[in-house]
J.: 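Once you've had a glance at the structure underneath, I'll fire off some questions.
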Number of protein chains: 2
Amino acid sequence: MLKIKPTTINDVAARAGVSYQTVSRVINQHPSVSKNALERVRQAIESLNYQPSNAARHLATQRSKVIGVVSYGTVHYGPAQMLASLEQAVQGSGYSLSNVNVSDLTLEEIAGAIQTLRRQRVDGLILFAPLIGIAHTDLESLCADLPLVITDAEPQSGRAVASIDQFTGGRLAAQHLIGLGHRQIALLSGPLTWYDALLRHQGWLSALQQAGLTPVATLESDWTPASGYRATAELLESGTSFTALLAANDQMALGALRAFHERGLELPRDVSVVGFDDIPEAAFLEPPLTTVRQDFSALAQRSLDQLTACIDQPSAPRHLTMLVPELIVRSSTAAPVMKLEPHSPSLRRKP
Amino acid sequence: MLKIKPTTINDVAARAGVSYQTVSRVINQHPSVSKNALERVRQAIESLNYQPSNAARHLATQRSKVIGVVSYGTVHYGPAQMLASLEQAVQGSGYSLSNVNVSDLTLEEIAGAIQTLRRQRVDGLILFAPLIGIAHTDLESLCADLPLVITDAEPQSGRAVASIDQFTGGRLAAQHLIGLGHRQIALLSGPLTWYDALLRHQGWLSALQQAGLTPVATLESDWTPASGYRATAELLESGTSFTALLAANDQMALGALRAFHERGLELPRDVSVVGFDDIPEAAFLEPPLTTVRQDFSALAQRSLDQLTACIDQPSAPRHLTMLVPELIVRSSTAAPVMKLEPHSPSLRRKP
DNA sequence: CGGAAATTTGTGAACGATCACAGTGTATAG
DNA sequence: CTATACACTGTGATCGTTCACAAATTTCCG
């Protein structure tokens with residue numbers, strides 16, 4: 001298990017015939033270095049392929065230049081996209097990312113993730129785990145005095161929050177259907193332990209309520225196409241009558257599409273469906289899916305900007321950023337067939 | 001910009017009334033600590049919410065306990081899945097992951113990524129960037145004496161490689177179509193700068209050749225549904241006659257599906273399509289997609305096992321792991337309609 | 001050419017942990 | 001009751017870097 005020691009600042013100094021401090025100055029672009037020394041040190045660095053040790057630097061400067069991320073469900077489209085966007089956004093900012101993905105939304109898991117990141121002495125924290133059920137006081141004590149930006153969580157006073165306005169997104173989707181004339185609308189939610197899922201759900205309800213409607217059915221499933229399929233199949237079996245379905249993400253909408261197809265129902269003639277996310281597949285489904293697009297890279301950029309602001313100036317005021325998502329109308333939605341027609345479009349109306 | 005200093009081993013020692021060394025022993029579970037001291041230190045750690053500094057530890061022990069990852073294209077399904085699986089796999093191994101996603105497959109980008117990871121003094125490297133065009137000698141000098149596992153790259157002697165056997169995957173897909181009786185097969189490749197794309201392509205060709213066939217068309221696009229759609233549309237416009245299409249991933253297959261739909265072609269009656277990846281959506285498309293499934297979590301686990309073996313014992317022999325992907329037959333493939341029938345299934349045959 | 005100012009360079013201590021070794025104190029044996 | 005082993009505890013040096021300060025060198029001006 002021999003391990004060859006990497007070259008250090010001293011090796012470079014010896015090679016260049018200067019003191020280690022001069023090398024340090026070159027690395028940190030300190031102005032008081034003579035042209036001569038600068039050149040020699042540069043060459044020594046080059047020829048030894050020297051890279052300064054982040055750990056030693058961190059120890060000496062008391063800043064790790066690492067931003068911690070606590071994520072959840074990165075196998076799903078939204079979180080995966082968010083993570084990739086964050087990675088993109090830190091490029092060139094001088095920071096690097098350290099991500100811990102929690103497999104469960106328990107307080108223990110979250111606490112464990114934060115502790116892992118504390119051991120790394122991260123300079124700040126971006127939380128994009130839906131924190132329903134985690135008391136703010138717990139979070140407070142876990143993060144202590146760490147600069148923190150929360151994503152996908154309820155706005156809390158005194159905390160920097162950057163979110164996509166899921167509530168408005170939900171309203172947008174529902175209003176679209178209502179505007180088309182739908183009055184019998186079923187809801188296919190994500191797991192309501194996710195803050196996003198809850199907010200989209202509440203957004204739907206808000207719009208329905210405003211139009212004097214109540215959902216004809218409320219289903220909850222787990223974001224996957226399979227669960228969306230099952231839930232929709234059950235709904236159809238139950239004989240509930242509806243003309244439109246609001247799904248909390250595109251994958252579940254896809255499962256629903258499949259359930260409709262299998263029963264010979266056509267979109268948008270027999271049912272309208274609105275998804276959420278605008279996954280790359282959405283435009284190419286049969287039919288192309290009307291959905292709500294979220295701008296993850298903008299969210300990532302904002303989160304990062306806010307966090308770095310907090311790090312540089314802890315006294316700075318905490319902002320609350322809300323990005324409004326965008327409704328993308330495609331072909332999975334249309335006006336419902338007139339109620340007066342003899343062959344009513346309502347599905348399997350109970351006898 | 002005041003920064004409250006995190007608690008150190010000395011704070012704990014003072015609190016517990018012992019020396020810092022005793023605290024260190026408790027942290028590292030050294031046996032020679034009296035029950036009394038152990039208990040007091042534990043309480044001090046608890047009440048101060050102490051977390052040892054990884055950086056200081058790293059400096060003293062000369063091991064960072066970090067594994068570096070160089071990835072490419074993590075917005076796409078495969079790489080994203082691989083990354084999530086790796087994250088899953090390191091949980092509890094004592095290591096943590098540091099990922100750098102390169103935006104370009106140039107030598108400079110790769111070199112930059114590796115340097116970033118060298119500054120972190122990673123204990124080992126997992127490369128899952130398709131390294132076509134990067135000379136082995138370059139790689140050799142970049143990684144010097146770092147334990148290294150390569151994924152998605154050509155087998156190199158002396159290097160540990162863990163891959164999914166894309167070539168065989170491609171063969172499987174092609175053989176399936178050939179077995180069904182297809183003889184006019186078009187190919188829809190990914191960008192051939194990706195090693196995976198190239199290998200799948202070669203696998204297809206190999207199976208076709210073995211059956212005495214040549215592809216009726218060869219398209220190359222960029223993994224996205226949109227590009228798959230465009231390529232397929234162009235193919236249809238060109239009037240080329242074919243009964244089946246091999247796509248290098250499911251998303252491009254989806255784009256193709258859409259192009260067929262729009263022209264009134266039905267699957268699998270008029271055309272058969274095989275994808276690659278088995279994305280969660282695949283089973284719910286219209287029609288459910290026949291595809292080739294890759295086991296990313298197995299790949300991640302293997303890569304990690306190999307790497308840790310290399311780290312613990314650099315002299316250990318390098319293995320070459322090949323995971324065979326699995327053909328998932330669904331409803332997008334069927335035997336072609338008989339050629340003898342009056343209304344031939346071949347598409348837009350040139351006059 | 002002398003001396004002050006400015007520029008450049010070097011020295012010692014610190015960061016927070018571990019390692020190697022040298023002390024304690026207590027029990028066990030002769 | 002002394003000698004020896006053993007369990008436990010503490011001290012100094014170290015890892016690779018930066019910081020604060022001091023020393024050495026150069027530049028400038030009268």
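Source: prediction; values computed, not measured. Within every chain, numbering begins at 1; the chains are lettered A, B, ... in the order of the sequence lines, protein sequences first and strands thereafter. Below, each value reflects all heavy atoms present in this structure, side chains not excepted, and no hydrogens, waters or symmetry copies.
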J.: Looking only at side-chain atoms of Pro52(A), point me to the closest of dT17(D), dG12(D), dT18(D).
T.: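 Between dT17(D), dG12(D), dT18(D), the one nearest the side chain of Pro52(A) would be dT17(D).
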J.: Any base atoms under 4.0 Å from Thr22(B), or only sugar-phosphate, or nothing? Heavy atoms, all strands.
T.: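 The residue Thr22(B) makes sugar-phosphate contact but no base contact.
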J.: Heavy atoms from C-beta onward define the side chain here; which of dT11(C), dA17(C), dT18(D) lies closest to that of Ser19(A)?
T.: dT11(C)
J.: Of all the nucleotides listed (dG10(C), dT9(D), dT18(D)), which has the minimum atom distance to the side chain of Asn28(A)?
T.: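 Selected nucleotide: dT18(D).
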J.: So, for Arg25(A) and Ser32(A), which heavy atoms are closest and what is the spacing to 0.1 Å?
T.: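 For Arg25(A) versus Ser32(A), the nearest heavy atoms are CD-O, 4.0 Å.
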J.: Of the candidate nucleotides dT9(D), dT9(C), dG16(D), which contains the atom at the shortest distance from the side chain of Ser32(A)?
T.: dT9(C)
J.: Contact class for Ala55(A) (heavy atom, under 4.0 Å): base, sugar-phosphate, or nothing?
T.: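 The answer is nothing, as Ala55(A) stays clear of every strand by at least 4.0 Å.
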J.: From the options Val122(B), Leu148(B), Val70(B), Val102(B), select the one residue that forms a side chain to side chain contact (heavy atoms under 4.5 Å, CB included) with Ile114(B).
T.: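 Exactly one pass, corresponding to Val70(B).
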J.: For dT9(D), does OP1 or OP2 lie under 4.0 Å from any side-chain N or O of Ser34(B)?
T.: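 So the side chain of Ser34(B) is within the cut-off, an N or O lying under 4.0 Å from OP1 or OP2 of dT9(D).
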J.: Please give, in whole Å, the distance from dG16(C) C1' to His58(B) NE2?
T.: 13 Å
J.: Would you say the side-chain atoms of Asp312(B) pair up with the backbone N or O of Ala309(B), donor to acceptor, closer than 3.5 Å?
T.: no
J.: Distance check needed: dA17(C) C1' versus Arg121(A) CZ, whole Å only.
T.: 10 Å
J.: Once you round it to whole Å, what is the distance between P of dT7(C) and NE2 of His30(A)?
T.: 11 Å
J.: From dT18(D), dG16(D), dC8(D), pick the nucleotide closest to the side chain of Thr8(A)?
T.: dG16(D)
J.: Which nucleotide wins on minimum distance to the side chain of Tyr50(B), given the candidates dC15(D), dA17(C), dC15(C)?
T.: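 Between dC15(D), dA17(C), dC15(C), the one nearest the side chain of Tyr50(B) would be dA17(C).
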J.: In whole Å, what is the span from the CZ atom of Arg57(A) to the C1' atom of dG16(D)?
T.: 11 Å
J.: Verify, without hydrogens or angle tests, whether Arg119(B) (side chain) and Ser53(A) (backbone) share a donor-acceptor contact under 3.5 angstrom.
T.: no
J.: Return the value, rounded to whole Å, for the distance between atom CZ of Arg119(B) and atom C1' of dG16(D).
T.: 15 Å
J.: Would you mind telling me which residue lines up with the more 5' stretch of DNA chain C, Tyr20(A) or Leu38(A), judged by nearest nucleotide?
T.: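 Its nearest nucleotide lies further toward 5', so the answer is Leu38(A).
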J.: Is the backbone of Gln81(B) close enough, under 3.5 Å, to the side chain of Ser85(B) for a donor and an acceptor to pair up by distance?
T.: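 Yes; judged by distance alone, with no hydrogens or angles, the pair exists.
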J.: Please tell me if Gln62(B) has a side-chain N or O lying less than 4.0 Å from either OP1 or OP2 of dT18(C).
T.: no
J.: Both Leu59(B) and Ala37(B) contact DNA chain D. Taking the nearest nucleotide for each, which residue is further toward the 5' end?
T.: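 Checking each residue's closest nucleotide, the 5'-ward one belongs to Ala37(B).
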J.: What is the separation between atom CG on Asn10(A) and atom P on dT18(D), rounded to the nearest whole Å?
T.: 11 Å
J.: Heavy atoms from C-beta onward define the side chain here; which of dC8(D), dA17(C), dG12(C) lies closest to that of Gln21(A)?
T.: dG12(C)
J.: Return the nearest nucleotide to the side chain of Arg25(B); candidates are dG16(D), dT18(C), dC21(C).
T.: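 Ranking dG16(D), dT18(C), dC21(C) by closest atom to the Arg25(B) side chain puts dC21(C) first.
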J.: Using a heavy-atom cut-off of 4.0 Å across all strands, would you classify Thr61(A) as base, sugar-phosphate, or nothing?
T.: sugar-phosphate
J.: Among dC15(C), dA17(C), dG10(D), which is the nearest nucleotide to the side chain of Lys5(B)?
T.: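 So the nucleotide nearest the side chain must be dC15(C).
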J.: Starting at CG of Leu48(A) and ending at P of dG16(D), how long is that distance when rounded to a whole Å?
T.: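 Taking CG of Leu48(A) and P of dG16(D), I get 14 Å after rounding.
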J.: Between dG16(D) atom P and Gln51(A) atom CD, what is the distance in whole Å?
T.: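 Those two atoms, CD and P, are 15 Å apart.
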J.: Are side-chain heavy atoms of Asp11(B) and Tyr50(B) found at a separation under 4.5 Å?
T.: no
